[in-house]
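The block underneath contains the structure these notes are about, expressed in structure tokens.
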Amino acid sequence: MQVSQITAASFKGRITNYDPIKGNEDLKNNSYWQKNSSVEKTLGSFRSIANGKAYFADPMEKVNDVIKESVDYIVYDNEPSYPDVNSEVSKNYFGTLRKDFKQDFEEIRKYYYRREMGGFANKTEAQYQQWQAAECVKLYDKGGDLRYKKEQAEDEITNLQKQIESETKNLTDVKAKLAENLKQKENLDRKMYYMYQKNTMYKSLQTLVDNPMNLDEEEKTFIKSQAKKVKKEIKEYRAEAEKYCKEIIKAQKYIIGFPAMIKNLNEQISNKTKMIEEIKAKLIPLFDELKNFYAKQGIKVIKK
């Protein structure tokens, strides 16, 4: 029977300091605090004046009144419970529960190591319990890679679903923007039509400008400046119209390609869903190994 060893200081009950202002909440910051620790307040019952000291007991240790009279709190190192293989662990294999149960098994293994070192329990039994918890870690780890791939696929599906929602909302925005751009382009086309007419008129006046007998210099200068102004405005309108055209074409392409894009995203979801089901099928025998080990060992779940 192999038992993984833990490097640690001597696990004997010890008295430590805590911050009386923070009270028992500060006990959780102590290095001796365990996940399944519980607290008994002795201040007020065994002693009346706080001294800022707490006693961290070993597993199974019966703390006597002498100790209780010398500290404000007693912290007990309680036996952690195995996770329920059917109602909890199974959801990590076949559901969407994101919890690393390896930590639970390791917590149990470490507890029984402290229990062995504390000297208040049967050493052989404590070592056996360490082996049992270590076996659960080993069996649980067998499905680690598959569970990771399943969770990755689940995350990818969630992201794809969010993308569909985002693109669907974006489609509404694109259609609204397209309608606005078409309206603006139509108004711009009317302005350009008017400016082209003015440009034609100024072209016809060019013969008067070229004939020195028809107009004086002030009139010629006015016509030239107006013709130049019209050409400048036409150039600006064309540039603006080009921008609208690009936006309109871009929106129309998006709208036309939208059904195919959504179809592609749904196909990806379908493929990843199928992959998840295939992974679950591979996880069944691995989960059964852990479940059968529970049954063979008679592992009981402590009701909290």
Side-chain angles (χ1 to χ4, degrees), residues 94-98 146-280:
F94 309 113
T96 56
L97 178 62
R98 299 291 178 89
L146 287 172
R147 288 194 304 272
Y148 175 72
K149 289 179 179 178
K150 177 177 74 71
E151 290 175 1
Q152 271 193 320
E154 289 168 350
D155 289 341
E156 288 167 357
I157 287 175
T158 298
N159 291 334
L160 287 167
Q161 290 171 335
K162 287 180 180 179
Q163 188 176 347
I164 290 175
E165 291 177 8
S166 176
E167 295 294 353
T168 301
K169 180 181 179 299
N170 189 47
L171 177 65
T172 302
D173 296 338
V174 168
K175 286 182 176 180
K177 186 66 176 177
L178 174 61
E180 178 63 22
N181 284 339
L182 287 170
K183 181 180 178 181
Q184 293 297 330
K185 177 66 167 51
E186 185 179 349
N187 292 334
L188 188 60
D189 286 344
R190 282 196 292 268
K191 291 179 182 180
M192 288 181 67
Y193 177 75
Y194 171 70
M195 295 309 295
Y196 278 126
Q197 285 185 318
K198 287 183 70 175
N199 188 54
T200 300
M201 179 189 70
Y202 282 117
K203 280 183 178 180
S204 65
L205 291 175
Q206 186 63 37
T207 55
L208 296 175
V209 174
D210 294 338
N211 191 330
M213 301 299 294
N214 293 331
L215 301 171
D216 60 33
E217 285 304 314
E218 184 177 347
E219 290 172 325
K220 291 179 181 180
T221 300
F222 175 77
I223 292 173
K224 286 179 179 180
S225 65
Q226 289 300 306
K228 185 177 180 181
K229 181 180 179 181
V230 168
K231 288 179 179 179
K232 181 183 178 183
E233 290 186 1
I234 289 175
K235 184 178 180 180
E236 290 173 351
Y237 283 148
R238 281 177 176 171
E240 191 174 356
E242 185 177 346
K243 290 181 181 178
Y244 278 118
C245 286
K246 286 181 178 179
E247 290 298 318
I248 289 169
I249 292 171
K250 181 180 177 181
Q252 289 173 335
K253 284 183 177 179
Y254 179 84
I255 293 169
I256 292 171
F258 181 81
M261 176 178 60
I262 297 300
K263 180 182 179 182
N264 178 265
L265 292 172
N266 279 320
E267 285 177 351
Q268 290 184 57
I269 290 175
S270 178
N271 291 336
K272 292 185 184 301
T273 300
K274 182 181 177 182
M275 184 177 76
I276 288 173
E277 293 307 312
E278 291 172 350
I279 290 173
K280 286 180 180 180

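Values below: every heavy atom of this structure, side chains too, minus hydrogens, waters and symmetry copies.
Side chains of K263 and E267 form a contact here, defined as non-hydrogen atoms less than 4.5 Å apart.
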### Task
Walk me through it: do K177 and E180 pass the test salt bridge (Lys or Arg N to Asp or Glu O under 4.0 Å)?
CA-CA 5 Å; K177 186 66 176 177; E180 178 63 22; over 6 Å; no
### Task
Could you check R98 against D155 for salt bridge (Lys or Arg N to Asp or Glu O under 4.0 Å), going step by step and ending with a plain yes or no?
CA-CA 11 Å; R98 299 291 178 89; D155 289 341; 2.9 Å; yes
### Query
Going through the distances and angles, do E233 and Y237 end up as a side-chain hydrogen bond (donor to acceptor under 3.5 Å, both in side chains)?
CA-CA 6 Å; E233 290 186 1; Y237 283 148; 4.7 Å; no
### Message
Go through it in stages, so that I can follow the logic: the residues are V174 and F258, the test is side-chain contact (heavy atoms from CB on, under 4.5 Å), and I'd like the CA-CA distance, side-chain angles, deciding distance and then a yes or no.
### Response
CA-CA 11 Å; V174 168; F258 181 81; over 6 Å; no
### Task
Carefully, step by step, assess E242 and K246 under the rule salt bridge (Lys or Arg N to Asp or Glu O under 4.0 Å).
CA-CA 6 Å; E242 185 177 346; K246 286 181 178 179; 3.8 Å; yes
#### Entry: side-chain contact (heavy atoms from CB on, under 4.5 Å) between Q161 and I157, intermediate numbers included
CA-CA 6 Å; Q161 290 171 335; I157 287 175; 3.8 Å; yes
### Working for salt bridge (Lys or Arg N to Asp or Glu O under 4.0 Å), residues R190 and E186
CA-CA 6 Å; R190 282 196 292 268; E186 185 179 349; 3.4 Å; yes
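Across I276 and A153, no two heavy atoms sit closer than the pair CG1-CB, 3.6 Å. Minimum heavy-atom separation, C245 to K185: SG-CE, 3.4 Å.
Looking at Q152 and Y148, their side chains do bring a donor and an acceptor atom within 3.5 Å of each other. Q268 and N264 form a side-chain donor-acceptor contact under 3.5 Å, judged by distance and modelled atom types alone. Between the side chains of Y254 and E167, a donor-acceptor pair is found at a separation under 3.5 Å.
Note: K150 NZ to M275 CE = 11.0 Å, rounded to the nearest 0.5 Å. Residue E165 holds its CD atom at 8.5 Å from NZ of K162, rounded to the nearest 0.5 Å. In this structure, CG in L178 is found 10.5 Å from CG in L171, a value given to the nearest 0.5 Å. Separation of atoms OG1 (T273) and CD (E154) is listed at 9.5 Å; rounding is to 0.5 Å. Between the OG1 atom of T168 and the CG atom of D173 there is a distance of 11.0 Å, given to the nearest 0.5 Å. Distance CG/L160 to OG/S166: 12.0 Å, rounded to 0.5 Å.
A donor-acceptor pair under 3.5 Å is absent between the side-chain atoms of S270 and the main chain of N266, judged by distance alone.
Salt-bridge formation is detected for the pair E277/K280: a Lys NZ or Arg NE/NH1/NH2 atom is positioned less than 4.0 Å from an Asp or Glu carboxylate oxygen.
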